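For clarity, every value in this text was computed on a predicted model and none was experimentally measured.
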Amino acid sequence: MKISISSNPQELGKVAGTTAAQLIRKAIETNGAANIILATGTSQFQTLNRLINETEIDWSKVTMFHLDEYIGLSISHPASFRKYLQERFLEKVPALKAAYLINGETNALEECKRIGDLIKNHPIDVALVGIGENGHLAFNDPPADFETEAPYIIVNLDEPCRKQQLGEGWFASLAEVPQQAISMSIKQILKAKHIICSVPDSRKAFAVKNTLEQTVSNLYPASILQQHTDCTLYLDTASAGL
């Protein structure tokens, strides 16, 4: 694992987004196409902004998957990750070859199989991810399932995770935060050739410390990134504070 520390979230996003763009272009040059994973949430704002402003990516050769979605949440809800990606990414890169979004409003088991079958046919070149305040990777809260081979799984969201979503302003009350989600599994995330992990903000500092300093354990889900062959953790001075 490599670590990059920037002075602020804007600079972090610039560095992470630029690197992601370089890797996407390289995959297209090598393979004629690129498959990517995009995360959502406030940690990704600056990285995505930089990525969509890269002018030399042939988006018509790029296929996108995303990490997770709440079960039972309407796509029109402000917290919907499909809505997030449509507004912050898809509408800005209309030439994209394909985007496979998770539908949390249908049968969850069937949806896990549907999108899982799709991603099996699209080896991931670049995954853009983040780390939650509780150390989760995607919605794999502790203790995370490190063993399942299923690409997408149904997960229960723990209280710290749900409080983070409330604290970030996506919901008006804790009762409104769904208790389950469809999440990309840990093993599927690790299959990505390159991982760009953007983690700004002081509230993530304890999770960053555990990710880097704890022995790899499902109690610290993001610690598994220590074992990936090409993962860079992009921090700002606040998230790197501990």
Side-chain angles (χ1 to χ4, degrees), residues 1-6 9-69 81-102 115-116 118-131 137-138 151-152 183-200 222 224-225 227-236:
M1 178 187 285
K2 294 174 284 187
I3 300 170
S4 169
I5 301 177
S6 300
Q10 291 73 29
E11 194 63 28
L12 181 160
K14 180 179 179 181
V15 176
T18 298
T19 302
Q22 291 170 347
L23 293 171
I24 292 170
R25 286 193 291 265
K26 182 178 179 181
I28 294 172
E29 291 170 5
T30 303
N31 306 316
N35 301 313
I36 67 173
I37 296 168
L38 295 186
T40 54
T42 58
S43 68
Q44 303 301 308
F45 285 167
Q46 304 300 331
T47 300
L48 282 180
N49 284 342
R50 179 64 183 189
L51 183 59
I52 63 176
N53 283 301
E54 289 283 335
T55 58
E56 297 183 4
I57 297 175
D58 184 351
W59 291 109
S60 69
K61 296 179 180 179
V62 178
T63 297
M64 186 213 81
F65 289 83
H66 80 124
L67 280 176
D68 42 34
E69 180 61 283
F81 295 141
R82 287 174 292 166
K83 177 180 174 66
Y84 178 113
L85 287 171
Q86 285 178 343
E87 294 177 347
R88 295 182 177 274
F89 185 73
L90 297 179
E91 291 177 2
K92 301 179 186 301
V93 287
L96 194 72
K97 179 180 179 180
Y100 294 114
L101 303 179
I102 304 165
I115 198 161
L118 286 167
I119 202 169
K120 287 176 183 177
N121 295 319
H122 295 80
I124 301 299
D125 298 294
V126 186
L128 276 66
V129 303
I131 297 174
L137 194 58
Y152 286 87
S183 177
M184 187 178 289
S185 68
I186 293 292
K187 282 195 172 182
Q188 179 60 48
I189 294 169
L190 294 179
K191 289 179 180 179
K193 186 175 181 180
H194 306 282
I195 295 179
I196 304 288
C197 187
S198 300
V199 195
I224 195 72
L225 294 175
Q227 298 181 349
H228 193 270
T229 56
D230 192 346
C231 173
T232 301
L233 197 60
Y234 292 89
L235 311 175
D236 61 9

- request: Could you walk me through whether M64 and V93 pass side-chain contact (heavy atoms from CB on, under 4.5 Å), step by step?
  value: CA-CA 11 Å; M64 186 213 81; V93 287; over 6 Å; no
Heavy-atom closest contact ([X] atom, [Y] atom, distance):
| X | Y | answer |
| --- | --- | --- |
| P151 | K120 | CG-CE, 3.7 Å |
| I28 | A34 | CG1-CB, 3.9 Å |
| I195 | I189 | CD1-O, 3.8 Å |
| L137 | G130 | CD1-O, 3.5 Å |

- prompt: K193: what forms a side chain to side chain donor-acceptor pair (under 3.5 Å) with it, not counting sequence neighbours?
  reply: none
Measure the spacing between [atom1] of [X] and [atom2] of [Y] and express it to the nearest 0.5 Å.
| X | Y | atom1 | atom2 | result |
| --- | --- | --- | --- | --- |
| N31 | K61 | CG | NZ | 11.5 Å |
| D58 | L96 | CG | CG | 10.5 Å |
| S185 | K191 | OG | NZ | 7.0 Å |
| W59 | L90 | CH2 | CG | 10.0 Å |
| L12 | S4 | CG | OG | 7.0 Å |
| T47 | I196 | OG1 | CD1 | 8.5 Å |

query: Taking only residues two or more places apart in sequence or in another chain, which ones pass ring-ring contact (aromatic ring centres under 6.0 Å, His included) with F65?
result: Y100, H122
- request: Give every residue pair that meets the salt bridge (charged side-chain N to carboxylate O under 4.0 Å, His left out) criterion with at least one member in residues 85-97, sequence neighbours excluded.
  value: K83-E87
message: The criterion is salt bridge (charged side-chain N to carboxylate O under 4.0 Å, His left out); which residues satisfy it with E54, sequence neighbours excluded?
response: R25, R50
query: Residues two or more places apart in sequence or in another chain: which of them pass salt bridge (charged side-chain N to carboxylate O under 4.0 Å, His left out) with K14?
result: none
For a 4.5 angstrom cut-off between non-hydrogen side-chain atoms, does [X] reach [Y]?
| X | Y | answer |
| --- | --- | --- |
| F81 | D68 | yes |
| Q44 | S198 | yes |
| L51 | F89 | yes |
| L67 | T40 | no |

message: Between H66 (side chain only) and R82 (backbone N and O only), is there a donor and an acceptor less than 3.5 Å apart?
response: no
Under 3.5 Å donor-acceptor, D125 side chain and N35 backbone: yes
Taking distance alone, no hydrogens or angles, what donor-acceptor pairs closer than 3.5 Å link side-chain atoms of residues 227-236 to residues at least two apart or in another chain?
from	atom 1	to	atom 2	distance (Å)
H228	ND1	D230	N	2.9
H228	ND1	D230	O	3.4
H228	NE2	L190	O	3.4
H228	NE2	A192	O	2.6
D230	OD2	H194	ND1	2.7
Y234	OH	T19	OG1	3.3
D236	OD1	D201	N	3.3
D236	OD1	A238	N	3.2
D236	OD1	S239	N	2.8
D236	OD1	S239	OG	3.0
D236	OD2	D201	N	3.2

